[in-house]
Amino acid sequence: MIKIFERRTRIAMNRVKKKKSPFIYKSYSKKPKHKWLRKRNAQEQRFKRTGVFCILIAFFFLASLVWNIFSNGYSAFTEAQINLPVEFQAELIEDDAYRKIIQNSLLELFPGIEDRKEKRELFSLISRNAPHILEKIVEEDPTVIGRKSMVWIPASSAVSIFYKQHLYEQAKRSGKISTSQVAWVTDLARTQNMRLKFNATFFKNGDSREAEQAGVLASTIGSFMTILVCIAMAFPLGVATAIYLEEFARKSWFTDFIEININNLAAVPSIIFGLLGLSIYLNIFGLPRSSSLVGGMVLALLILPVIVIATRNALQAVPPSIRYAAAALGATPTQVVFHHTLIYALPGIMTGVILSIARAFGETAPLLMIGMVAFIADVPKTFTDPATTLPVQVYLWANNPELGFVEKTAAAIMVLLTFMVLINLLAIYIRRRFEIKW
Amino acid sequence: MVKNMNAEKKKTENVAECGLENIRMKTQNLSVFYNNDQALHDINLDIACNKVTALIGPSGCGKSTFMRCLNRMNDYVEGCRVTGKVRLDGFNIYKDNVDTILLRQKVGMVFQKPNPFPKSIYENVAYGPKIHHLIENKDELDALVEKTLKRVGLWDEVADRLSAPGTSLSGGQQQRLCIARAIATKPEVVLMDEPCSALDPIATARIEELIAELEQKFTIVIITHSMQQAERVSDHTAFFHMGHIIEAGDTQKIFNDPEHQKTKDYIGGKFG
Ligand SMILES: Nc1ncnc2c1ncn2[C@@H]1O[C@H](COP(=O)(O)OP(=O)(O)OP(=O)(O)O)[C@@H](O)[C@H]1O
Ligand SMILES: [Mg+2]
């Protein structure tokens with residue numbers, strides 16, 4: 001009796017299983033029969049395609065930016081040089097008349113030029129720095145005096161650009177370079193008396209009025225000194241503030257008030273921090289204008305709220321159970337923070353700090369307010385020396401209409417972007433390497 | 001300061017005369033509120049010296065809350081308010097002048113959820129002894145770590161990777177690591193919140209052996225959802241229900257001849 005019953009139920013159950021249900025499919029085809037399934041699949045596809053489309057658009061803008069900068073700037077890393085037969089005449093050297101020596105050798109290359117205007121055009125083939133180069137050669141090796149030798153001398157900025165980019169027609173038409181100059185350069189190029197060399201000057205010099213002599217060394221060092229001051233001030237202040245607010249302060253309306261203010265500060269336009277620095281650091285404290293010290297202190301104000309927020313987020317990401325574990329072992333609140341919470345939050349804190357430093361590195365507006373926009377040709381030696389930074393240098397050169405500064409601007413941007421990429425890579429490395437998985 | 005010294009004196013007295021039914025910890029009219037919800041109602045419970053006290057009861061009845069009162073871990077819970085008294089060796093630990101740091105070294109705790117530090121396994125065990133200066137040198141520390149890990153039956157599994165992070169262990173291994181971490185600090189009272197919830201029968205047996213071993217010297221409070229375990233390891237049992245103690249007393253008595261119907265039902269598996 002019971003057995004029969006059991007069998008019946010089994011059969012009944014089998015029947016239930018065999019009954020067709022819309023949720024059980026015989027095949028796993030990508031083109032299902034049910035309309036709602038097709039709709040679902042289409043939805044998935046649509047979402048994926050939208051994402052890819054957005055990324056392509058972003059990538060297009062990035063690529064055109066990079067291409068634009070690169071095509072304008074790559075030529076700044078080379079300079080054109082002219083091979084000159086220089087006669088180191090003793091009496092001219094005694095008179096310090098190096099300019100005369102250059103002029104003589106140019107006239108020797110292209111004899112028969114009498115017209116004053118033509119002469120001036122001929123002399124301006126060569127960089128104005130040429131006499132200094134000769135002076136240096138003589139200083140280093142006095143035995144050249146009285147002899148004649150071939151010397152590679154940098155061409156002037158206009159000639160250099162003309163030669164590098166082969167814009168004969170364009171240059172002629174724009175009047176930057178004259179017809180006879182074009183003829184000379186073509187001649188020099190044909191006889192292999194012109195060459196392109198790596199432009200070490202760009203990395204060895206500070207700013208200059210002459211495009212072919214302008215370099216990024218002073219502004220790069222200025223940038224790093226400014227950032228150093230900025231880190232030294234913002235890092236301890238920001239991290240200590242965040243630790244106190246997150247780990248020690250009792251939650252009250254006052255801490256809420258502080259939190260709201262910090263969040264607001266992070267959104268304040270950067271130029272306002274420049275004005276603040278101007279009125280406090282320069283006018284009240286009387287710190288030296290346009291120095292990397294003041295620049296760093298202004299940038300520190302700028303990134304302080306960002307560091308506080310990043311640090312608090314990193315601290316919040318440490319599970320409370322870890323704090324309880326340490327406290328239950330009899331660790332004091334300070335020990336809990338410095339042996340545990342802070343250590344585990346450090347990768348997150350470092351990532352935040354580095355990213356905010358990248359922001360400070362590229363900041364221009366507040367530095368204009370405290371006078372770092374002045375023309376500074378010398379490399380700053382101390383933190384109180386007048387200095388400028390890379391982005392400010394870019395700003396200065398971009399405002400210079402001279403043809404030679406266009407490529408310098410783009411090249412300086414390339415240097416700036418290289419540092420940015422390095423900083424961001426460092427942030428990624430730290431996150432990958434030290435991140436703690438809970 | 002004076003009061004602390006008094007407490008010290010009282011404690012030594014207590015330990016000296018620590019007899020069979022000596023009371024190590026005692027709660028008096030202990031009530032706990034989370035914001036405005038009362039989680040514990042007027043709990044009066046004695047915890048005997050060098051005995052194992054088991055806390056049993058259905059989920060959410062307030063066992064963990066009660067346990068956190070014993071070493072003031074409730075101080076860390078936001079919105080938690082405690083009234084009444086908890087005495088350790090006769091001294092009310094909820095007085096204002098109590099050094100909770102010293103208290104927590106004396107009253108160690110194993111949490112319900114394993115929470116190892118993301119430091120190395122070695123560091124996990126060594127941390128407590130280090131901050132309390134319980135060891136003199138590195139060799140002593142090495143020996144202590146090894147001994148402690150052996151006691152919780154974890155040594156064989158981790159001996160060759162002591163520098164791996166504690167969080168890389170399996171759930172059950174983490175639980176044993178947390179027990180090791182708690183007892184390495186040499187507490188006098190050990191609070192264990194479901195120490196065997198993620199352990200296999202062999203590891204559970206090891207922990208129960210450990211509890212029996214610790215019982216010689218320490219006072220142990222253990223929360224468990226396994227009636228068999230409570231019966232096996234404990235000397236006294238307290239049955240919690242909805243924030244009240246329904247019944248507390250000798251384990252044999254509670255399990256064999258409970259006075260209350262609720263206790264009988266719970267132990268018999270009728271609810272909870
Ligand atoms: N942090 C908290 N905030 C608010 N309420 C809480 C908090 N912790 C516990 N409670 C409440 O207190 C009551 C007792 O919780 P408790 O964690 O002590 O239960 P338990 O007996 O340990 O349960 P289990 O066996 O599931 O661990 C529960 O109703 C819970 O909702
Ligand atoms: Mg619990």
At a 4.5 Å cut-off on heavy atoms, which part of A:I322 comes close to chain B: side chain, backbone, both, or neither?
both
Should we count CD of A:E44 as having more than 12 external heavy atoms under 6.0 Å?
no
Heavy-atom pairs under 4.5 Å with chain B are the metric here; pick the option from A:P320, A:A331, A:A326, A:G330 that has the most.
A:G330
If the condition is side chain to side chain contact (heavy atoms under 4.5 Å, CB included), which residues does A:P391 pass it with, not counting sequence neighbours?
A:S223, A:T364, A:T389, A:L416
With a 4.5 angstrom heavy-atom cut-off, which part of B:F117 approaches chain A: side chain, backbone, both or neither?
both
Over 12 foreign heavy atoms within 6.0 Å of CZ, A:F257
no
Between B:P187 and chain A, with a heavy-atom cut-off of 4.5 Å, which part of the residue counts as in contact: side chain, backbone, both or neither?
neither
Return one line per donor-acceptor pair between chain A and chain B under 3.5 Å, naming both atoms and the distance rounded to 0.1 Å.
residue : atom : partner : partner atom : Å
A:S321  : O    : B:N115  : ND2          : 3.1
A:L329  : O    : B:H132  : NE2          : 2.7
A:H339  : O    : B:K119  : NZ           : 3.0
A:H339  : ND1  : B:Y127  : OH           : 2.7
A:H340  : NE2  : B:Y127  : OH           : 3.3

With a 4.5 Å heavy-atom cut-off, do B:P118 and A:I343 have their side chains touching?
no
